[in-house]
Amino acid sequence: MGNLEAGVPTGRIAAMIERESDHYSQRNPTSKKLAAQAATHWHHGVPMHWMLDWSTPFPLFVADAAGASLTDVDGHKYDDFCLGDTGSMFGHSPAPVAAAIAEQAHHGLTYMLPTEDVIEVGKLLAAKFGLPYWQVATTATDANRFVIRWCRAITRRDKVLVFHGCYHGSCDDTFVRLKDGKPIHRPGLIGQVYDVTSHTKVVEFNDIAGLEAALKDGDVACVITEPALTNIGMVLPQPGFLDALRQLTRKYGTLLVIDETHTISTGYGGYTRVHGLEPDFLTIGKPIAGGIPCSVYGCTAEMAEKMITAETEAGPGYSGMGTTLSANAMALKAMRANLEHVMTEAAYAHMLPLSERLAHGIEAEIKQRNLPWHVSNVGARAEFVCAAERPRNGTEAQAAMHHKVELAIHLYLLNRGVIIAPFHNMTLVCPATTTAQVDHLIATVGGCLDELLN
Ligand SMILES: Cc1ncc(COP(=O)(O)O)c(C=O)c1O
């Protein structure tokens, strides 16, 4: 049988990557031509380097997208389970958001003044997420950066705590990982001139003792975390972990920031509402305005009061928070439409069972072939992991990643009209996703596994 990677013969993986790469190149001549043209003026040929993080030999150029489908410039139609890596988690161009954008387009896009939409959006955010006070930023990265600043100002502590394997955007304070039990900079950082580990502590997710040890000096302003780690494969909280996190943060005077940017997939109001978490701050970006750049952060009344105290103490000047286009009229209009008509309980009532069908379906394909893999899901988000055991922390999740296997699967799926996220094996189901699309994904994964194994 030769060498195996995650239970798959390595020779088969290499052969699939080679064959599917050739197939991709042949079937996408227009994308290939555009990629060559784009190389003239774009660094690495793309306007944002993540567009190279796909398994393809050159980027797939998109012509159109609607709901859960995407069409490329060569005319192929895809079932899209990546959905802009959550930016379009509620579907591409949801009709109410598209209409709101079209309406606002003729009334000015940004004025650095509020519109009447602000009133309703504030009510909607408070009602959905259960926190009374809100601010708008433009990306989840910014929301997290600003909240970390607030937490430091409120607590007058300089340290932040993250979990190994976390991702909260390109937010410097969170670029710390564990290596052999020691904090290090996240590998690959460019232009990092100060030592982030001097202000950021890092422990493993689900490690209650490690968390307490890191908090007990009383120098940590906040813990920032997703309630389940979704950026290193998927790491679910073990029973009692999130309760312990809340108890320990309270015990040591540390604030708790829950980043719901991805776990909004859990259900209506996100993981926080579904599981009754009690964060001091909650951040969410990506899909909050239906795909228009926008993010928000909310806080409790107690935090809001402390923010005012911190501002008074800081005195006049610049807070280091806010960007010119944040909370622009277009973003508010889109967010209002999205919150009112798209991110609804009815939408989740469609998405959750369908995602469960997807997870069970892929699990059955895996079991049928005795592969040492498993599937985890957090509501509308599912992840098939090429390891037998569910990872309990970032280190185990990292060890469960098999880049070559993922590459082969992604390419195989793409060439057969199915897109999943380019990073690990993540799928999202949106309100427009159909049962037929889910069943097609499951069958195509099955076909791929057959070709890898037989
Ligand atoms: C949990 C989480 N927070 C924040 C971000 C950053 O989002 P953005 O890139 O839109 O700033 C991401 C991006 O993947 C994320 O997964």
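Just so it is clear, the structure is predicted and the values come from calculations on it, not from any experiment. Both counts, for ligands and for their atoms, begin at 1 and track the order of listing.
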Residues lining ligand 1 [heavy-atom distance under 4.0 Å, listed by chain and residue number]: T139, A140, T141, N144, Y167, H168, G169, E226, N231, D259, T261, H262, K286
Counterpart residues, side-chain contact (heavy atoms from CB on, under 4.5 Å), relative to L113 (two or more places apart): Y111
Aromatic ring pairing Y78/H76, orientation class (parallel under 30°, perpendicular over 60°, tilted between): perpendicular
Side chains of K333 and E103 in contact at under 4.5 Å (non-hydrogen atoms): yes
Pair D142 + R145: basic N to acidic O under 4.0 Å: yes
E226 vs Y271, side-chain hydrogen bond (donor to acceptor under 3.5 Å, both in side chains): CA-CA, chis, key distance, verdict: CA-CA 9 Å; E226 294 183 273; Y271 200 104; over 6 Å; no
Aromatic centroids of F241 and F163 separated by under 6.0 Å: yes
